[in-house]
Amino acid sequence: MTPQDQALHDRVTASFAARFGHAPDLVVRAPGRVNLIGEHTDYNDGFVLPCAIGPATMVAVSKRHDNNVEVVVADFGDARDQFNLELPLERNIEQPWADYVRGMMSGVQNAGYALSGANIAIAGNLPKGAGLSSSASLEVAVGKANLALADIAIDNTRLAQIAHRAECDFVGTQCGIMDQLISAQGKAGHALLIDCRSLGLTDVPVPDDVAIMIVHSGVTRGLVDGHYNARRRQCEAAATAMGVPALRDADLDMLEAAGLDPVTKKRARHVITENQRTLDSADALAKSDLATLGMLMAQSHASMRDDFEITVPPVDALVVMLQKAIGTQGGARMTGGGFGGACVAVMPSAMVADVQAAIAAEYRTPEGNAPIIMVERPGPGVAIL
Ligand code: GLA
């Protein structure tokens with residue numbers, strides 16, 4: 001276990017013991033993720049290239065002999081939730097984190113797997129609101145842990161599909177499947193090229209001497225804010241106008257011929273061009289061609305800024321600083337759903353210290369603080385510890 005995981009494990013088991021007075025039956029870890037490229041392409045049946053990272057959510061569980069579920073979260077001052085699996089589950093408006101637990105437990109049951117009551121403790125070390133999928137990792141960890149308690153083994157892609165449905169149907173964000181799928185299926189040392197239509201996964205090795213840097217802009221974001229669902233509706237409208245099932249099936253000639261209004265056209269152009277950039281990036285990364293990857297990442301950021309319009313000025317400024325520090329030896333872009341959150345940069349490991357120093361000196365969050373900087377290598381997906 002890494003020291004980071006050990007500290008998280010200590011925290012979640014201590015919280016469990018303090019609340020329930022005994023040790024858990026098992027602990028599950030599900031990672032957050034960073035998306036290297038392929039933004040807002042997943043719900044358009046397109047391609048994404050994320051990898052799992054070190055920061056994660058851990059869930060400690062033990063079986064109960066009734067149908068009650070008791071939850072404690074170490075991260076929010078030992079906040080609690082409780083519900084009964086036999087009663088219809090409703091959202092817990094006061095504690096948004098609880099909805100991911102409720103949504104996942106009911107999603108697993110609706111998928112036909114019978115769960116027992118459980119005592120649950122949760123702890124995570126993913127920065128919230130950074131766009132690094134703390135919520136997807138929570139869903140995946142809760143699902144895996146409770147299925148394991150019931151002695152049910154399911155395929156991790158199936159687990160991700162259930163988690164994805166929980167987020168769409170229970171929490172109400174019409175997201176794609178990327179975050180849940182990479183948290184469930186991540187592979188150490190690799191990014192995954194995901195075909196979001198077939199759910200086919202292609203391992204793309206990240207060369208040993210390449211580092212992934214994540215810098216949180218300090219602008220926090222909320223998916224449920226409406227912008228996200230609005231972008232999704234625009235993409236669907238564009239696909240319908242072009243007579244294709246999804247933007248995955250459209251190309252730039254079709255877009256030119258479609259006569260869309262200027263805004264819808266820009267949204268669709270982002271998705272169509274981003275799909276190709278994602279495929280090209282997987283090739284470049286596998287060949288250690290960081291110059292090409294960097295160029296594609298720069299184009300991706302410009303497309304998110306100008307066509308999809310999901311970046312904010314502090315994020316644009318941070319990306320410029322990263323690009324300047326990295327030059328042609330790698331690249332940088334915003335990662336995740338947008339409207340704040342984190343930027344991702346790819347570079348030779350030998351450059352990390354200099355880039356980190358440059359960003360720490362130059363960038364300030366809107367509150368005036370130095371940014372959180374993480375240096376990562378791709379880690380594994382969900383696991384029972
Ligand atoms: C969020 C969603 C994902 C994906 C990204 C944008 O992270 O949860 O499904 O759409 O935004 O690429």
Side-chain angles (χ1 to χ4, degrees), residues 8-30 32 55-111 113-129 133-150 152 159 162-173 175 179-180 183 220 222-224 382 384:
L8 191 55
H9 189 267
D10 291 349
R11 206 146 62 78
V12 79
T13 49
S15 168
F16 188 96
R19 171 73 184 86
F20 302 113
H22 58 93
D25 295 346
L26 58 98
V27 179
V28 166
R29 172 189 181 279
T57 302
M58 285 192 195
V59 169
V61 287
S62 72
K63 203 171 194 156
R64 292 175 61 103
H65 298 290
D66 57 22
N67 282 307
N68 291 322
V69 178
E70 301 267 351
V71 194
V72 59
V73 184
D75 305 325
F76 300 119
D78 289 321
R80 295 180 189 185
D81 187 32
Q82 57 143 331
F83 52 90
N84 187 295
L85 285 175
E86 281 180 334
L87 302 176
L89 279 183
E90 281 167 19
R91 293 190 58 184
N92 182 340
I93 303 298
E94 276 147 41
Q95 307 197 104
W97 61 265
D99 282 344
Y100 299 105
V101 182
R102 291 176 171 220
M104 192 60 195
M105 301 278 292
S106 64
V108 169
Q109 297 219 107
N110 292 341
Y113 305 101
L115 297 179
S116 68
N119 291 333
I120 303 179
I122 299 167
N125 55 12
L126 280 154
K128 312 283 178 284
S133 297
S134 54
S135 51
S137 72
L138 173 56
E139 292 156 352
V140 169
V142 164
K144 185 83 173 179
N146 284 284
L147 284 160
L149 269 192
I152 301 169
L159 177 66
I162 296 171
H164 174 227
R165 290 267 40 101
E167 180 112 16
C168 292
D169 299 343
F170 195 87
V171 181
T173 308
C175 65
D179 305 346
Q180 290 81 10
S183 184
T220 54
L223 273 187
V224 250
V382 68
I384 301 169

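Just so we're clear, the structure is a prediction, and the values are computed from it rather than from any experiment.
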Can you measure from [atom1] ([X]) to [atom2] ([Y]) and round to the nearest 0.5 angstrom?
X: Leu115; Y: Leu147; atom1: CG; atom2: CG; answer: 6.0 Å
X: Asp99; Y: Ile93; atom1: CG; atom2: CD1; answer: 6.5 Å
X: Met105; Y: Asn110; atom1: CE; atom2: CG; answer: 12.0 Å
X: Asp179; Y: Ser134; atom1: CG; atom2: OG; answer: 9.5 Å
X: Leu8; Y: Asn125; atom1: CG; atom2: CG; answer: 4.5 Å
X: Met104; Y: Lys144; atom1: CE; atom2: NZ; answer: 10.5 Å

Task: Heavy-atom check, side chain of Leu126 versus side chain of Ser133, under 4.5 Å - done: no
Open item on the list: Quick one, Leu138 and Ile122 - any side-chain contact, counting heavy atoms below 4.5 Å?
Closed with: yes
TODO: Only pairs at least two apart or in different chains count here, so list each side-chain hydrogen bond (donor to acceptor under 3.5 Å, both in side chains) that has a residue in residues 73-83.
DONE: Arg11-Asp75, Asp81-Asn92, Asp81-Arg102
Task: Partner residues of Asp25 under the salt bridge (Lys or Arg N to Asp or Glu O under 4.0 Å) criterion, sequence neighbours left out - done: none
Can you give me the closest heavy-atom contact between [X] and [Y], atom names plus distance?
X: Asn146; Y: Ala118; answer: OD1-CB, 3.5 Å
X: Leu89; Y: Ser106; answer: CD1-CB, 3.7 Å
X: Leu85; Y: Gly117; answer: CD1-N, 4.0 Å
X: Ser15; Y: Val72; answer: OG-CG1, 3.8 Å
X: Ala30; Y: Val382; answer: CB-CG2, 3.9 Å
X: Glu167; Y: Cys175; answer: CG-SG, 3.5 Å

- [ ] Give a yes or no answer on whether the side chain of Gln180 reaches the backbone of Val140 with a donor-acceptor pair at less than 3.5 Å.
- [x] no
TODO: Would you please name every residue forming a side chain to side chain contact (heavy atoms under 4.5 Å, CB included) with Asn68, sequence neighbours left out?
DONE: Arg64, Asp66, Asn84
Open item on the list: Using the side chain to side chain contact (heavy atoms under 4.5 Å, CB included) criterion, which residues pair with Ala111? Sequence neighbours excluded.
Closed with: Tyr113, Arg158, Ile162
Would you mind writing out the side-chain donor-acceptor pairs for residues 56-63 within the sub-3.5 Å range, not counting sequence neighbours?
unit_1 : atom_1 : unit_2 : atom_2 : d
Thr57  : OG1    : Ser137 : OG     : 2.6
Lys63  : NZ     : Leu149 : O      : 3.2

TODO: Apply ring-ring contact (aromatic ring centres under 6.0 Å, His included) to His22 and list each qualifying residue two or more places apart in sequence or on a separate chain.
DONE: Phe16
